[in-house]
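Below, each value reflects all heavy atoms present in this structure, side chains not excepted, and no hydrogens, waters or symmetry copies.
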Amino acid sequence: MANVFPTIQRFRQSAEQRLPPRLHGFLVSAALIGLCALGYHLRRPSVSLAPTLYAEDGAIFLQQAIDQGAGSLVQLYAGYSHLLQRISALTAVNHLSPLAYPGFFLLVAWVSWLLPLISVEGLIGAGVFGPLMRVAYIPYVYHPYAGETYLNLPNAYIFFPLGFILIAYGAVARQGSGRPEPPWPAALRGLLFLYGLVAAFTGPFMAIYTIPLLIFDGLRRRHLPLRPLWLSLPVLLSSLQLYFSQLQTTYPLSTAEALRTLLGRPALLLDWFTVHLIAPLLGGYKPWWLLRGLPDPLQLLAVLVALALVLLALRVVTRSMGQPGLLYLGIFSTLVLSLSSLLVATRRGVDLKLVVIEDAGGRFFYWNTVLFLSVLLIAFVLLVRERRSRRSTACRAMAVWLVLTLVFYHNNVVPRPIEVMTPSGEMRTLDYAEQLGEQCRWPHPKLTHIYGGPMWSFQLGERQMARLCSVPS
C-alpha cells in the first residue's frame, strides 16, 4: 500500500507533462466516468441488454400521458411531482413507437445516473472539489443494493436531482471561500437553470437538500442569497414539493399519530435502522441477517459501534476540509430525508410488521449509505497516505471496517420478468415485444403487461396503435 500512491503520483505527473491541461483534465474525467458506467453496467448487464418497462412506467406515467396528454405534466403521484418521468412519457407516446419505450426510458435512467458524476467532474475541474472526491464514486457505483433503485425511470428521481444538488453545494462552497462566481457563459447558466427547474419538480430530494443550504448561505452572508438566480429560483420553487406532500396530500394518520406509533415500537425502530442504515455500511443485508437474531441490547451495541466508526471518519475528513459545515449540513439533510420517509410510510397506514422488509421504504436510505460510505472511504485514504497516521488506531479501525465490508458485500439483485397468472392459476412469463405484436391483430387495444404485476399494466391509445402497427414486424 505504501508504494501505490507514489506510483499513481508519478504516472499522473507524466501524463500532465505530455498533454495540455484542459485536454488532460477532460480525458481523465471521461475515462473515470466511462469506467464507472462500465462497472455499474456489469453489476446487472441484463437490465441494459434487455430493457423492460418498470412498474409505474405503465399505469402511471405512460397511461396518464396517453389519456391526458400535456395535462399529465401537472399530475402528482405519491404526493410529489415527477416532472422528469412525465416529460419522458409524454415524449415517448407522442414521438416513438411503443416498441421503443423500454429503450428510451432506460436511456433517461442512464443519463440520470451519470449526471451526478458529470457534475462532480465539472466541479473538480473548476477547483471547487479536490480530486479526492472521486473516492466517493466507489459507493455510488457499488452501493450494496442493486434492486429497485437500479436503472429504471420511476426511481430516476433518486439520481437526477443529485447533480444539481452537488452543483448547488459547490456554488455555495465557492462563495464561502471568498472566490467570486466564475464568468460562466449565458448558455451554461441557462442550461443549469433548466436542469434545476426539472430537478425541483422531480421528487422531494432537491427541496430537502437545497432549502436548508439556501438558509445556511443566507445566515452566513447575512442577506437573502438571491444570486446566482440560476440556483436560487429552482431552489425556491422546489419548496412546492413540500407543499404538495404535506398540505395537498391526505394520509390516514397525522404526523403526530405517526410519531406516537413509531415511538411506541422501539424494537421496530432499532430493526429499521439496523437494516437500512448500519447493514449497508457493512456490505449489504447479510450483516442484518446475522444481527437480527441477537437480543436487542446487543443489536443496539452493534448499531452504536457502527455509528462511532462513522463519527470517527467524519472527524478525520472534516479536519482536512475548508468548510466542514457544508458536510454537516448534507448529513443533516440526508437524515431528515430518511426519517421523513419512514414517517410518511407510517402516515400512509403501512402495516408496521411490513416495514422490516428490505425495501419497504429502505431505498430512501440510499443517500445515507452512499454519503457515509464516501466519508469512511475518504477518511481511510486520508489516513493511509500520511506516514504518521498510517499506523494509528483510527486507520486500523477503518481497515477492519473495509475488510468486513468486502467480506459481506453482495448485490441484492432482483430479476425483472413480466409474469401474469393464467386462469388455471399458473404463472406465465410474457415478452413485451410479443405482446405488442399481438396488439395489431386485434380490433381494439389490449392491456400491455410490464414488470411489477397486473396493477401496472397500460393500454395504448389510437395514435400509439397507429404508430406501432405501421412499423414492419
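Proximity of L436 to L460: side-chain heavy atoms (C-beta onward) are separated by under 4.5 Å at one or more points. Taking the side chain as every heavy atom from C-beta outward, P234 and M206 approach each other to under 4.5 Å. By the 4.5 Å heavy-atom criterion applied to side chains, L35 and V141 are not counted as neighbours. Residues Y251 and V344 form a side-chain contact, since some pair of their non-hydrogen atoms from C-beta on lies under 4.5 Å apart. Residues E434 and I418 are not in side-chain contact: their nearest non-hydrogen atoms beyond the backbone lie 4.5 Å or more apart. The closest side-chain heavy-atom distance from Y169 to L329 is below 4.5 Å. A 4.5 Å side-chain heavy-atom check between T369 and P139 finds every atom pair outside the cut-off. You'll find the side chain of L309 reaches within 4.5 Å of the side chain of M398, heavy atoms only.
With S333 contributing its side chain and G330 its backbone, the two residues share no donor-acceptor pair below 3.5 Å. Here the side chain of R416 pairs no donor or acceptor atom with the backbone of P51 at under 3.5 angstrom. Listed for the Y195 side chain is a donor-acceptor partner under 3.5 Å among the backbone atoms of F160. With hydrogens and angles ignored, the 3.5 Å screen pairs no side-chain donor or acceptor of S457 with any backbone N or O of L447. No donor-acceptor pair under 3.5 Å is formed between the side chain of R463 and the backbone N or O of V93. With hydrogens and angles ignored, the 3.5 Å screen pairs a side-chain donor or acceptor of S340 with a backbone N or O of V336. Under a 3.5 Å cut-off, the side chain of Y140 and the backbone N or O of W113 do form a donor-acceptor pair. Counting only distance, with no hydrogens or angles, the side chain of Y150 and the backbone of Y40 share a donor-acceptor pair below 3.5 Å. In this structure, the side chain of R86 does not engage the main chain of S81 through any donor-acceptor pair within 3.5 Å.
Counting all heavy atoms, side chain and backbone alike, S112 lies closest to A156 at OG-CB, 3.7 Å. Contact detail for L153 and Q85: the closest heavy-atom pair is O-NE2, 3.1 Å. Contact detail for P45 and R43: the closest heavy-atom pair is CD-C, 3.7 Å. T202 and L83 get closest at one heavy-atom pair: OG1-N, 3.7 Å. Residues L117 and C36 share a closest heavy-atom pair of CD1-CB, 3.7 Å. Closest of all the heavy-atom pairs between A173 and L326 is CB-CD1, 3.5 Å.
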Derivation and outcome, side-chain contact (heavy atoms from CB on, under 4.5 Å), residues F458 and D57 = CA-CA 9 Å; F458 70 102; D57 284 340; over 6 Å; no
inquiry  = What verdict does the side-chain contact (heavy atoms from CB on, under 4.5 Å) test give for L382 and L132, after you've listed the backbone C-alpha separation in whole Å, the side-chain angles of each residue and the deciding distance to 0.1 Å?
reply    = CA-CA 9 Å; L382 287 171; L132 189 59; 3.5 Å; yes
ask   = Stepwise, does the ring-ring contact (aromatic ring centres under 6.0 Å, His included) test hold for Y366 with F159?
value = CA-CA 10 Å; Y366 184 95; F159 303 94; 5.4 Å; yes
key: Full working for side-chain contact (heavy atoms from CB on, under 4.5 Å) between L327 and I331   = CA-CA 6 Å; L327 178 57; I331 292 173; 4.2 Å; yes
request  = List the steps, then state whether side-chain contact (heavy atoms from CB on, under 4.5 Å) holds for L96 with Y101.
outcome  = CA-CA 7 Å; L96 300 177; Y101 294 172; 4.2 Å; yes
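Taking the six-membered ring where the residue is Trp, Y77 and W456 present perpendicular rings, their angle passing 60° and hence far from 30°. Ring geometry for H82 against Y80 counts as perpendicular: the plane angle is over 60°, on a 0 to 90° scale with 30° as the lower cut.
Between atom CZ of residue F193 and atom CG of residue L229 there is a gap of 8.5 Å, rounded to the nearest 0.5 Å. Atom CG of L237 and atom OG of S232 lie 9.5 Å apart (nearest 0.5 Å). The CG atom of L192 sits 6.5 Å away from the CZ atom of F164 when rounded to the nearest 0.5 Å. Rounded to the nearest 0.5 Å, atoms CG (L281) and CH2 (W401) are 8.0 Å apart. With rounding to the nearest 0.5 Å, the separation of CE in M455 from CD1 in I450 is 10.5 Å. Atoms CD and NE2, from E462 and H444 in turn, are 10.0 Å apart once rounded to the nearest 0.5 Å.
Checking each of F205, Y209, W367 against L162 for a side chain to side chain contact (heavy atoms under 4.5 Å, CB included) leaves exactly one that passes, namely W367. Residue T448 forms a side-chain hydrogen bond (donor to acceptor under 3.5 Å, both in side chains) with just one option from Q464, Q459, Q435, Q439, and that option is Q439.
Using modelled atom types, one finds a donor on one side chain and an acceptor on the other under 3.5 Å when comparing Y137 with E121.
Crowding of F332 atom CZ: a count of heavy atoms from other residues, nucleotides or ligands under 6.0 Å not exceeding 12. In the displayed structure, Y409 atom OH is contacted under 6.0 Å by more than 12 heavy atoms of other residues, nucleotides or ligands.
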